[in-house]
2 protein chains.
Amino acid sequence: MSATPTSQGAPRRATITDVAREAGTGKTSISRYLNGEMSVLSPELRARIEAAIERLDYQPNQMARGLKRGRNRLIGMLLADLTNPYTVEVLQGVEAACHALGLMPLICHAANEVEMERRYLQLLTTYRVEGVIVNALGVREETLRPVGGGGIPAVLVDRSVEGLAADIVGLDNRAAAELGTRHLLDRGFREIWFVVQPFEQVSSRRLREAAFRDAMRAHADAGAHADADASAAQGHTLVLNLADAAQTEHSLAELDRAIDTAHQRAGRIGVDARIAVFAANAPVALRLALHLKARYGDAWQTRVALLSIDDPEWAELTGITTIRQPTYDIGYRAVEFLHERIEGVQTTARDCLLPGELIVRASTAR
Amino acid sequence: MSATPTSQGAPRRATITDVAREAGTGKTSISRYLNGEMSVLSPELRARIEAAIERLDYQPNQMARGLKRGRNRLIGMLLADLTNPYTVEVLQGVEAACHALGLMPLICHAANEVEMERRYLQLLTTYRVEGVIVNALGVREETLRPVGGGGIPAVLVDRSVEGLAADIVGLDNRAAAELGTRHLLDRGFREIWFVVQPFEQVSSRRLREAAFRDAMRAHADAGAHADADASAAQGHTLVLNLADAAQTEHSLAELDRAIDTAHQRAGRIGVDARIAVFAANAPVALRLALHLKARYGDAWQTRVALLSIDDPEWAELTGITTIRQPTYDIGYRAVEFLHERIEGVQTTARDCLLPGELIVRASTAR
DNA sequence: CTGTTAGCGCCTTCAC
DNA sequence: GTGAAGGCGCTAACAG
């Protein structure tokens, strides 16, 4: 039982000095004890220290330690959008790794605001974090200047930042998009729409879309020689700007026309009426599903075969085929990379591309 | 091993001393400048300081400031489960409020592990956070001892902790459960199952369930006098332990029996076969929906009318009536409360109960 | 083995 | 108006 602080207010936590006095020794020994240099302490002294710490309920002040040794075990975690389930899942991996490595993540949520992102980045340096993991939103190389390269260590998650040479870990976007495209092709879909948010600074969106196009082209090329039917496959890319309602409506209308056209044509030929829609990520998939349901009713899946990268909790419920990202691992690896850099391991910028996993559900059945 | 500060090793950030030298003045003036005591500085000196800061890209070290003045503007945010959309939404409010008040939230995710929760709590005190806002998982009063009361200021979110007198902000659980129950009753449902996770330490679960029972009883009482049909209404409580697969299956089987029984009876009488299921929160609702879909197929909603507290993103897609919590406000208010306490406002423990909003969708239509 | 002595970067009296 | 000195809680040489 600690001294009852009858008078409320500021019970002023015990300091190392208090402990030293209580144990009848000097601060140094306490410090040594705290840092596990047990071998250099007589068992007797050690016991006294232990008792004193217990009695005073002493807890070393991380801030003070950090100030002294120049490292506070804090790392920054800059998130573009916590609303995206992807982000939360990555965070789990981050937390776990930090825990294992004795790091403490300072989590900052930019909520899709570039200005916030900038501010947080500078706030983090103010707290002298030892490194940052950033799931960049719109940062330019300049904003990240204090970071990476000559500044504090940094590793990027999911997205690269132009002009910045830093470690990056994320999904193998190319392979994932190919996987999805080929799955749709294999299932016999011949008209595929790839729907993605505006590319902007987000490299992963670009990569996925490019891989989709390449996969479609590869299929067409192969088909020209072998399978006559294959050559009919056509891929379209649709940009969906979720941040702008009007633009979103406009894009969705375009998709609707394609769906209806295909439906009419199919009626004549007597074949599966569905076109396939490949959503580049979960937010896009959700928006699409909501729209389609509003337009075609509960049976919307008889009109469209939806496939998505990311595997949100509602995918199973709605029966949608997805490509699940190894989110936990992404977060975990990111921290490991950062830790190595913090510890001074000097390597050139590395890329860590983790594979996605295709989860087949009813939406792409034929 | 100290890394040799070559061209890129450790650029060692500028300190207040560097700035003072660069500006040809003393540290005191720099400090004054940093703290906005402009009126006490000659415009000329002030300009020189500004220039020096700019040139050195100086940024004050929060840790050092904190050490000196005893407040580091850090607050702890202890989360029970980031996987729950509720949590993320609350977090948005917290972030916003912190930003407005110049606070920096240290976010800790216990991931439903009581042990983690304990450890984080102690880690937070180690960083000398000025306060904590906790969405408690299983903390006992003793764990929180250093917190609240005589310790550091604390405010609870969503759940109270037995024996701890602290501010608490969250949903008006009683009103929300009543709202939902009455909605179902109004829609003519006469058999209602309230499904909730094991109560454990979570006060909100208890409150919701109690309010549900009270509402059912109130209805029965009123019905005894007026509406003969009303007296037939029966409420059941089902505990669903999501942490244990076997127990979950067991509970779901019980629900299945009720559904089937109702269905058979309805077939004879020729009336709506659906029983209503009131999920105490989103995780429960999701688990239920997944199970029902697996058992009854895509048309599961013709067997069960699902209503849930919380309004997850898939609710709209699935057409489920919900009671949305004012999550953002909850987070925001929590920080405001904490801030007041940090600033020394001494009031007795306050409760802030915010109202939920009923969002009627297809699931409860008749 | 143990204690003494300097600071880490900053703020805060207290003189000038 | 401005600066010098001391100290926040802790660690890291140096002695003893």
Side-chain angles (χ1 to χ4, degrees), chain A residues 10-50 52-53 56-74 125-130, chain B residues 1-2 5 10-50 52-53 56-74 125-130 152:
Chain A
R12 209 193 103 262
R13 294 212 71 97
T15 79
I16 202 175
T17 310
D18 298 328
V19 180
R21 192 182 332 104
E22 180 80 13
T25 177
K27 302 195 298 180
T28 311
S29 297
I30 311 297
S31 177
R32 291 203 176 103
Y33 176 87
L34 294 178
N35 293 297
E37 300 172 36
M38 300 306 188
S39 53
V40 213
L41 291 175
S42 68
E44 194 271 334
L45 213 204
R46 187 170 146 183
R48 261 158 52 212
I49 293 179
E50 233 147 36
I53 286 182
L56 268 39
D57 186 29
Y58 169 73
Q59 293 184 239
N61 182 329
Q62 281 298 335
M63 296 307 166
R65 311 182 91 170
L67 183 58
K68 182 65 196 168
R69 28 161 60 150
R71 42 166 33 198
N72 52 20
R73 310 283 66 192
L74 250 31
T125 81
T126 250
Y127 275 102
R128 295 297 187 274
V129 294
E130 296 182 40
Chain B
M1 53 152 196
S2 59
R12 211 193 99 260
R13 294 212 71 97
T15 79
I16 202 175
T17 310
D18 299 327
V19 179
R21 193 184 328 105
E22 180 80 13
T25 178
K27 302 195 298 181
T28 313
S29 297
I30 311 297
S31 177
R32 290 202 176 104
Y33 175 87
L34 294 177
N35 292 298
E37 299 172 36
M38 299 308 185
S39 53
V40 212
L41 291 174
S42 69
E44 193 271 337
L45 213 202
R46 189 169 144 183
R48 262 161 50 212
I49 294 179
E50 233 146 37
I53 287 182
L56 268 40
D57 186 30
Y58 168 73
Q59 292 184 244
N61 183 328
Q62 281 299 334
M63 296 306 165
R65 312 182 90 170
L67 183 57
K68 184 60 195 165
R69 23 159 68 148
R71 42 161 39 194
N72 52 20
R73 311 281 63 195
L74 250 31
T125 82
T126 249
Y127 276 102
R128 296 297 189 271
V129 294
E130 297 182 39
I152 72 179

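So that the names make sense, note that chain A is the first sequence line, chain B the second, and so on, each numbered from 1.
- Distances shorter than 4.0 Å separate some side-chain N or O of B:Tyr58 from OP1 or OP2 on C:dC10.
- When DNA chain D is scanned 5' to 3' for any atom under 4.0 Å from a heavy atom of chain B, the first and last hits are D:dG1 to D:dG9.
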Report task. Starting at the 5' end of DNA chain D, write a dot or bracket for each base, bracketing those in Watson-Crick or G-U wobble pairs whose two distances are under 3.5 Å and using | for partners on another strand. Result -> |||||||||||.||||

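- Remark: side-chain polar atoms of A:Asn61 are not paired, donor with acceptor, to backbone N or O of B:Leu67 under 3.5 angstrom.
- Contacts of A:Arg128 classified as side-chain hydrogen bond (donor to acceptor under 3.5 Å, both in side chains), with partners at least two apart in sequence or in another chain: none.
- If you check residues 60-72 of chain B against DNA chain C, the residues with a heavy atom closer than 4.0 Å are B:Pro60, B:Asn61, B:Ala64, B:Arg65, B:Lys68, listed by number.
- Regarding A:Glu44, its CD atom lies at a distance of 12 Å from the C1' atom of C:dT2, rounded to whole Å.
- Whole-Å rounding puts the A:Ile30 CD1 to C:dC1 P distance at 17 Å.
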Report, one pair per line, the protein and nucleotides 13-16 of chain C atoms (nitrogen or oxygen only) whose separation is under 3.5 Å.
none

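- For the P atoms, the distance from C:dT5 to D:dG6 is 15 Å, rounded to whole Å.
- Atom CZ in A:Arg48 sits about 13 Å away from atom C1' in C:dG3, given to the nearest Å.
- Under the rule for a side-chain contact (heavy atoms from CB on, under 4.5 Å), B:Lys68 has no partner lying at least two apart in sequence or in another chain.
- Of the inter-residue distances, the one linking A:Asn72 atom CG with A:Glu130 atom CD reads 5.5 Å to the nearest 0.5 angstrom.
- Under the side-chain hydrogen bond (donor to acceptor under 3.5 Å, both in side chains) criterion, A:Gln62 pairs with no residue, sequence neighbours left out.
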Which pairs of donor and acceptor atoms, one on a side chain in residues 39-50 of chain A, lie under 3.5 Å apart (sequence neighbours left out)?
| residue | atom | partner | partner atom | Å |
| --- | --- | --- | --- | --- |
| A:Ser42 | OG | A:Leu45 | N | 3.2 |
| A:Glu44 | OE1 | A:Arg48 | NH1 | 2.8 |
| A:Glu44 | OE2 | A:Arg48 | NH1 | 3.3 |
| A:Arg48 | NE | A:Ala23 | O | 3.2 |
| A:Arg48 | NH2 | A:Ala23 | O | 3.1 |
| A:Arg48 | NH2 | A:Gly24 | O | 3.1 |
| A:Glu50 | OE2 | A:Tyr33 | OH | 2.8 |

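- D:dG9 and C:dT2 have their P atoms separated by 25 Å, with the value rounded to a whole Å.
- Rounded to an integer number of Å, the gap from CG of B:Leu34 to C1' of C:dT12 is 14 Å.
- In this structure, A:Arg69 has no salt bridge (Lys or Arg N to Asp or Glu O under 4.0 Å) partners at least two apart in sequence or on a different chain.
- For B:Glu22, the side-chain contact (heavy atoms from CB on, under 4.5 Å) criterion is met by B:Ala52, B:Arg55, B:Leu56, not counting sequence neighbours.
- By the side-chain hydrogen bond (donor to acceptor under 3.5 Å, both in side chains) test, B:Arg65 pairs with B:Asn35, sequence neighbours left out.
- Summarising the geometry, atom OH belonging to B:Tyr58 is positioned 8.0 Å from atom CD1 belonging to B:Ile30; distances are rounded to the nearest 0.5 Å.
- Applying the side-chain hydrogen bond (donor to acceptor under 3.5 Å, both in side chains) criterion to A:Asp18, with sequence neighbours excluded, gives A:Arg12, A:Arg21.
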